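A short write-up of the structure that comes next.
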Amino acid sequence: MMVGGLSTKLLNICIASFCKVRLLEKAEAIVIDGIRLGLIPDVVTYNTLVSAYSRFVSLDAAYSVIHRMKEAGISPNVITYNSLMSGATQNCLLSRSLDLFEEMLLAGVHPNLWSYNILMHCFFKLGKPDEANKVFQDILLSNLTPHPATLNIMINGLCNNGYIDNALMLYRNLQRHGFVPQLVTYNILINWLCKTRRLRQARRILKELGESGHEPSLITYTTVMKCCFRSNKYDKGLQIMSVMMGKGYTFDGYAYCTVVAALVKTGRIEEANACMEQTIRNGVELDLVAYNTLLNMYCREGKFEAAYKLLDEMENGGLLFDKYTHTIIIDGLCKAGNISGAQKHLHYMKMMGFHENLVALNCMIDGLCKAGQIDRAMELYKSMETKDSFTYTSLVHNLCKAGRFRLASKLMMKCLRHGKKIPKATQRAVFDGLYSSGFTDEARKLWWKIRVARILH
DNA sequence: TTAGGGTTAG
């Protein structure tokens with residue numbers, strides 16, 4: 001429909017641009033203005049709104065648009081359902097997403113390739129790679145031609161479910177059948193190979209990316225930089241950051257958080273502060289992860305007033321604290337020696353539904369030990385359902401410092417028998433402690449037990 | 001539509 005040179009198509013472009021930047025109220029205002037001018041919203045108008053509401057607000061809000069759509073005599077089509085499914089999948093409402101697929105079939109709407117792609121993604125997120133693979137096989141057997149994104153979802157989903165070798169095999173097979181990897185494909189593989197410490201293979205894929213003619217993106221660099229930090233190669237990681245800056249990449253929240261977290265971890269707080277200021281100057285909108293990074297920086301600096309102010313800011317902005325937020329607060333308080341504050345927050349965290357936050361409990365154990373309250377740390381340890389090598393290392397190390405070598409030895413063996421690692425330095429401290437305290441027989445036995453555990457695990 | 005970021009011990 002055209003009114004004085006304006007058309008619904010043009011109106012839809014305006015609405016889509018507001019939706020893209022989450023300005024849904026403005027998008028709705030444009031719809032109303034359009035109607036006043038005689039421009040009738042069409043299926044594209046409604047689908048654009050459904051997509052934005054299901055991604056950024058809620059499925060209920062998206063359904064209210066569908067209700068308006070139906071009232072206007074327009075039936076939801078495959079794009080409407082795909083938008084709902086995509087929003088549900090992105091927001092981890094996975095069973096809702098599967099229900100929507102059924103609902104689409106019941107409504108007599110035929111799924112298209114995009115519907116199957118979302119369905120595959122959803123199954124992978126649910127940890128059901130076999131189901132996802134069935135969908136993929138159905139696509140191959142049907143008359144639908146897979147989109148490169150279909151293959152990327154498959155490769156990433158396999159990696160995400162622990163099937164990296166299968167993903168690599170699929171990648172090679174597809175290449176033999178003429179598939180030209182996209183930059184995204186390379187980034188997916190590099191990321192998972194880095195995460196699983198298969199660095200030789202990661203380098204190979206990185207080399208293939210270089211030979212492909214694609215220019216590595218900000219995402220590629222962030223992935224490699226993070227990989228360096230993960231391997232404690234901080235200087236190399238920071239060198240990559242300099243290369244990125246030299247190449248003129250504009251850092252986004254992901255890149256900044258990676259750098260700030262590494263600087264904080266290595267105690268380079270001033271540089272971290274400068275980096276964070278640059279982030280804010282660049283207009284990067286802070287999300288939950290960025291807030292947590294900033295919070296950790298304040299806690300490490302001992303700036304608790306600023307930290308609490310930040311927590312208020314997060315709450316006022318409608319951000320819900322997650323397990324990272326709670327852990328950072330508890331660890332920060334412990335490291336500042338405020339054990340009772342940390343315990344109060346631990347209690348609050350549990351009330352908020354985070355009962356088994358292993359990392360937070362480990363921080364509490366370490367905090368109690370360092371405050372000289374090892375028996376209370378042991379009580380907490382006994383009450384925990386799961387423990388990891390951090391739990392044991394903290395306890396064993398601090399028991400040694402307190403001269404309680406026999407208990408340290410007992411705990412350490414329990415840890416090693418469960419196949420969990422204990423740093424060599426901690427093992428040595430237990431052994432030396434037993435020996436120098438006169439428990440020479442026990443020390444010798446421990447040495448053999450460590451060797452046996454090493455062979456068995 | 002698909003890819004990158006945040007927490008703990010030694």
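This one's a predicted model, so the numbers in the text were calculated from it and none came from an experiment. The sequence lines fix the lettering, A, B, ..., with proteins before strands; numbering per chain opens at 1.
- Across all strands, Leu295(A) comes closer than 4.0 Å to no nucleic acid atom at all (heavy-atom distances).
- Ala429(A) comes within 4.0 angstrom of nothing in the nucleic acid, heavy atoms only.
- Put simply, Arg300(A) has a side-chain N or O that comes within less than 4.0 Å of OP1 or OP2 on dT8(B).
- Both stacking criteria are satisfied for Phe390(A) over the base of dT8(B): a centre-to-centre distance under 5.5 angstrom and an angle between ring planes under 30 degrees.
- Residue contacts shown for Arg230(A) are limited to sugar-phosphate atoms, with no base heavy atom under 4.0 Å away.
- For Ala149(A), whose side chain is taken as the heavy atoms from C-beta onward, the closest listed nucleotide among dA3(B), dT2(B), dG10(B) is dT2(B).
- The nearest whole Å value for the distance from the CG atom in Leu206(A) to the C1' atom in dA3(B) is 14 Å.
- As judged by a 4.0 angstrom heavy-atom cut-off over every strand, Thr327(A) is placed among the base-contacting residues.
- Here the side chain of Thr393(A) is nearest to one of dG4(B), dG10(B), dT2(B), namely dG10(B).
- When distances are taken from the side chain of Ile328(A) to each of dT2(B), dG5(B), dT7(B), the shortest belongs to dT7(B).
- The base of dG4(B) is not paired with the side chain of Thr223(A) by any donor and acceptor separated by under 3.5 Å.
- Nucleotide dT1(B) holds its C1' atom 12 Å from the CD1 atom of Ile188(A), rounded to whole Å.
- Rounded to an integer number of Å, the gap from CG of Leu158(A) to P of dA3(B) is 13 Å.
- Distances from the side chain of Gln182(A) to the nucleotides dG10(B), dT2(B), dG4(B) place dT2(B) closest.
- The CG-C1' distance, from Leu395(A) to dG10(B), rounds to 13 Å in whole Å.
- Distance OH (Tyr291(A)) to P (dG5(B)): 21 Å, rounded to an integer number of Å.
- Comparing dT8(B), dT7(B), dA3(B) by their nearest atom to the side chain of Ile219(A) picks out dA3(B).
- Listed nucleotides: dA3(B), dT1(B), dT8(B). Nearest to the side chain of Asp331(A): dT8(B).
- Ser86(A) comes within contact range of no nucleotide atom at all, as no heavy-atom separation falls under 4.0 Å.
- In this entry the distance linking CZ of Phe321(A) with P of dT7(B) reads 17 Å, nearest Å.
- A salt bridge does not link Glu313(A) to Lys309(A): none of the charged side-chain nitrogens sits closer than 4.0 Å to a carboxylate oxygen.
- Listed candidates were dA3(B), dG5(B), dA9(B). Nearest to the side chain of Pro423(A) is dA9(B).
- Asp287(A) comes within 4.0 angstrom of a nucleotide base, judged by non-hydrogen atoms across all strands.
- Each of Asn232(A) and Asp322(A) was matched to the nucleotide of DNA chain B holding its nearest heavy atom; the match closer to the 5' end belongs to Asp322(A).
- Between Lys265(A) and dT8(B) there is a side-chain N or O to OP1 or OP2 distance below 4.0 Å.
- Which of dG5(B), dT1(B), dA9(B) sits closest to the side chain of Ile118(A) comes down to dT1(B).
- When heavy atoms are screened at a 4.0 angstrom cut-off, Lys370(A) is found touching the sugar-phosphate backbone but no base atom.
- Residue Lys335(A) has a polar side-chain atom (N or O) positioned under 4.0 Å from OP1 or OP2 of dA9(B).
- Residue Asn362(A) places no side-chain N or O under 4.0 Å from the OP1 or OP2 atom of dA9(B).
- Other residues, nucleotides and ligands place no more than 12 heavy atoms under 6.0 Å from the CD atom of Glu270(A).
- In this structure, His345(A) has its ring center under 6.0 Å from that of Tyr348(A).
- Aromatic ring centroids of Tyr381(A) and Tyr392(A) lie under 6.0 Å apart.
- Checked by distance alone, Asp252(A) brings no side-chain donor or acceptor within 3.5 Å of a matching partner on the base of dG5(B).
- Between Asn191(A) and the phosphate of dA3(B), there is no side-chain N or O to OP1/OP2 separation shorter than 4.0 Å.
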(request) Apply side chain to side chain contact (heavy atoms under 4.5 Å, CB included) to the pair Tyr298(A) and Tyr308(A), showing each step before the final yes or no. (result) CA-CA 9 Å; Tyr298(A) 287 148; Tyr308(A) 282 116; over 6 Å; no

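- With distances taken from any side-chain atom of Val359(A) to the nucleotides dT7(B), dG5(B), dT2(B), the minimum falls on dT7(B).
- At a threshold of 4.0 Å, the pair Glu131(A)-Lys134(A) counts as salt-bridged, since one of the basic side-chain nitrogens sits closer than that to a carboxylate oxygen.
- Look at CE on Met120(A): it is 15 Å from P on dT1(B), rounded to the nearest Å.
- Looking at heavy-atom distances under 4.0 Å, Asn296(A) makes contact with sugar-phosphate atoms alone, never a base.
- Taking atom NZ on Lys323(A) and atom P on dG5(B), their separation rounds to 14 Å, with Å as the unit.
- Nucleic acid contact class of His121(A) (heavy atoms, under 4.0 Å, all strands): sugar-phosphate only.
- Among the protein residues, Ala425(A) comes within range of no part of the nucleic acid, since none of its heavy atoms lies under 4.0 Å from any strand.
- Between dA3(B), dG4(B), dG10(B), one nucleotide has an atom nearer to the side chain of Asn156(A) than all others, and that is dA3(B).
- Between Glu215(A) and Lys247(A) there is a salt bridge, since a side-chain N of the basic residue sits under 4.0 Å from a carboxylate O of the acidic one.
- One finds a side-chain N or O of Gln90(A) lying less than 4.0 angstrom from the OP1 or OP2 phosphate oxygen of dT2(B).
- Other residues, nucleotides and ligands contribute only 12 or fewer heavy atoms inside 6.0 Å of the CE atom of Met352(A).
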